[in-house]
A.B. asks: 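Structure provided below as structure tokens; questions to follow.
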There are 2 protein chains.
Amino acid sequence: MRQLAAEVGVQAAALYRYFPTKEDLLFTLMREHMEGLLEAWNAARPAAVDPEARLAAYVENHIAFHIERRHATHVSNMELRSLSHERLTQILKMRTTYEKELRAILRDGAEEGRFEIDDVGLTAMALIQMMTGVIVWFRPGERLSIAEVTATYLSMTMRLVGAKIGAYGAARPREKDAVAL
Amino acid sequence: MRQLAAEVGVQAAALYRYFPTKEDLLFTLMREHMEGLLEAWNAARPAAVDPEARLAAYVENHIAFHIERRHATHVSNMELRSLSHERLTQILKMRTTYEKELRAILRDGAEEGRFEIDDVGLTAMALIQMMTGVIVWFRPGERLSIAEVTATYLSMTMRLVGAKIGAYGAARPREKDAVAL
DNA sequence: GAATTAATTGAACGTTCGTTTTATTAATAC
DNA sequence: GTATTAATAAAACGAACGTTCAATTAATTC
């Protein structure tokens with residue numbers, strides 16, 4: 001708390017005007033992170049019904065959102081153990097809601113015969129881990145731009161789910177975040 | 001340290017006969033984890049030269065190793081920040097060594113035209129994040145066995161790298177750990 | 001501009017933590 | 001069986017932590 005306060009240029013005690021406890025501060029960060037993710041997806045969710053377009057939108061939104069919030073994401077992923085049982089449940093519930101969206105896309109794609117998927121649940125987890133993992137090694141301004149990373153991850157995703165058309169995979173740079181809220 | 005000691009049935013002070021500091025204890029855990037991983041891969045590394053077989057061996061070894069050591073892996077991934085700069089560098093060097101093995105496989109496969117890969121470095125990171133991510137949600141004795149999970153991940157991997165033959169992906173349950181040292 | 005309210009500080013409290021010290025028990029050597 | 005060494009326990013130390021409290025400053029109201 002002292003460190004945090006110093007970074008804001010204030011005394012530790014001042015933080016307690018805004019958050020009753022350290023855990024409240026953490027929880028607020030995490031809740032807002034998840035709310036933001038769900039809102040971003042609702043805004044980016046395409047009207048399209050074909051699974052390829054929906055999956056592409058999901059991947060692009062997920063990667064853009066997390067890269068732009070690398071530090072918040074890192075905290076959200078690392079400090080789950082510091083939450084009370086009740087609050088942990090709340091956060092996990094939001095996560096499940098978000099993951100369900102992906103599973104729905106994968107299921108639809110599989111049922112329509114456009115995707116080739118062994119296990120929808122497993123594939124969803126694998127994809128999310130893969131995509132979120134970007135924040136571990138990505139540093140802005142290094143070898144690859146966000147657009148390049150996103151394009152590569154999109155093409156990997158499409159192959160992973162066995163999408164028939166490669167059109168979505170080829171270098172199709174993401175249009176400059178115009179969509180996200 | 002007190003908690004740790006209690007779990008071993010000993011007083012906290014007794015631990016200091018074996019490790020001079022808490023960080024030494026952590027570092028030893030991490031170092032042995034990485035050494036074990038490299039040894040396991042060296043033992044499992046196939047004589048084969050075809051990229052598909054090598055990649056399959058890499059995936060199977062990686063998943064088996066990490067699932068069997070879920071807790072050590074979790075600590076190793078979460079507590080990197082608690083290491084001194086020097087020791088962090090040491091661990092990261094071992095990681096790089098291990099990842100290079102995967103990149104070599106991917107590069108060879110791409111050069112031989114058997115894999116379809118946009119970016120070898122990115123693909124290696126994506127695969128490792130995806131595979132290691134298993135420990136986040138996998139609980140032994142639940143819906144899927146280790147063999148089933150491994151088989152599914154293998155098939156996802158093969159598709160992700162654009163391997164031409166699907167033979168490696170289909171349900172090919174891993175033979176009961178006979179190989180690992 | 002005095003009175004009141006809000007925001008911030010600086011110091012302190014109580015706990016927990018990693019670690020050290022001293023005493024005690026267990027094991028080994030002669 | 002005594003002497004010596006090693007392993008453990010019990011207690012304490014000092015620092016860091018989350019948090020509280022009294023005092024002070026800043027902002028707002030009339």
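Predicted, not measured: the structure shown is a model, and the values here were computed from it. Just so you know, these numbers use all the heavy atoms, side chains as well, and skip hydrogens, waters and symmetry mates. So you know, we letter chains A, B, ... as the sequences are listed, proteins then strands, and number each from 1.
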A.B. asks: Using only side-chain N and O atoms of Gln11(B), determine if any of them is under 4.0 Å from OP1 or OP2 of dA10(D).
C.D. replies: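 For dA10(D), OP1/OP2 do have a side-chain N/O of Gln11(B) under 4.0 Å.
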A.B. asks: Tell me whether the rings of Tyr58(A) and Trp41(A) are parallel (<30°), tilted (30 to 60°) or perpendicular (>60°).
C.D. replies: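 Tyr58(A) vs Trp41(A) ring planes: perpendicular.
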A.B. asks: Do Asp108(A) and Phe115(A) make a side-chain contact, defined as non-hydrogen atoms from C-beta onward lying under 4.5 Å apart?
C.D. replies: no
A.B. asks: Report each atom pair, protein N/O against N/O of nucleotides 19-25 of chain D, whose distance is under 3.5 angstrom.
C.D. replies:
| from | atom 1 | to | atom 2 | distance (Å) |
| --- | --- | --- | --- | --- |
| dT19(D) | OP2 | Tyr16(A) | OH | 2.8 |
| dT19(D) | OP2 | Lys22(A) | N | 2.7 |
| dT19(D) | O5' | Tyr16(A) | OH | 3.3 |

A.B. asks: What integer distance in Å separates Asp24(B):CG from dG18(C):P?
C.D. replies: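 After rounding, the reported distance stands at 14 Å.
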A.B. asks: Could you check how far CG of Leu25(A) sits from C1' of dC17(D), rounded to whole Å?
C.D. replies: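 That distance rounds to 15 Å.
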A.B. asks: Relative to the ring of Trp137(B), is the ring of Tyr153(B) parallel (under 30°), tilted (30 to 60°) or perpendicular (over 60°)?
C.D. replies: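 Answer is parallel, since the angle falls under 30°.
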A.B. asks: Near DNA chain D, counting only heavy atoms under 4.0 Å, which residues of residues 74-82 of chain B show up?
C.D. replies: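 Within this stretch, nothing sits under 4.0 Å of the strand.
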A.B. asks: Test of understanding: with salt bridge (charged side-chain N to carboxylate O under 4.0 Å, His left out), list the residues that count as partners of Arg114(A), not counting sequence neighbours.
C.D. replies: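 Listed in chain order: Glu52(A).
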A.B. asks: Leu4(A) CG to dC17(D) P: how many Å, rounded?
C.D. replies: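 Between P of dC17(D) and CG of Leu4(A): 12 Å.
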A.B. asks: Under the criterion salt bridge (Lys or Arg N to Asp or Glu O under 4.0 Å), I'd like the reasoning laid out for Asp24(A) against Arg87(A): C-alpha separation, chi angles, the key distance, then a yes or no.
C.D. replies: CA-CA 10 Å; Asp24(A) 277 88; Arg87(A) 288 177 155 173; 2.9 Å; yes
A.B. asks: Under the salt bridge (charged side-chain N to carboxylate O under 4.0 Å, His left out) test, which residues partner Arg45(B), sequence neighbours left out?
C.D. replies: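 For Arg45(B) the salt bridge (charged side-chain N to carboxylate O under 4.0 Å, His left out) partners, ignoring immediate neighbours, are Glu101(B).
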A.B. asks: Nearest whole Å is fine: how far is dT9(C) C1' from Tyr18(A) OH?
C.D. replies: 13 Å
A.B. asks: Should Leu102(A) and Leu55(A) count as side-chain neighbours, where that means a heavy-atom distance under 4.5 Å?
C.D. replies: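 Result yes, sub-4.5 Å side-chain heavy-atom pair found.
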A.B. asks: Considering the terminal five base pairs at each end of the helix from dG1(C)-dC30(D) to dC30(C)-dG1(D), what angle separates the two local helix axes, rounded to 10°?
C.D. replies: 10°
A.B. asks: Evaluate Arg81(B) against Glu79(A) for salt bridge (Lys or Arg N to Asp or Glu O under 4.0 Å), listing each step before the verdict.
C.D. replies: CA-CA 13 Å; Arg81(B) 61 174 160 181; Glu79(A) 298 300 332; 3.0 Å; yes
A.B. asks: Could you tell me whether the side chain of Arg159(B) and the main chain of Glu116(A) form a donor-acceptor pair under 3.5 Å?
C.D. replies: yes
A.B. asks: Hey, what's the ring geometry for His66(B) with His33(B), parallel, tilted or perpendicular (30° and 60° as the breaks)?
C.D. replies: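 The arrangement is perpendicular - the two ring planes meet at more than 60°.
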A.B. asks: If hydrophobic residues (ILVMFWY) are linked whenever their side-chain heavy atoms come closer than 4.5 Å, directly or via other members, who joins Leu25(A) in its cluster?
C.D. replies: Met1(A), Leu4(A), Val10(A), Leu15(A), Tyr16(A), Tyr18(A), Phe19(A)
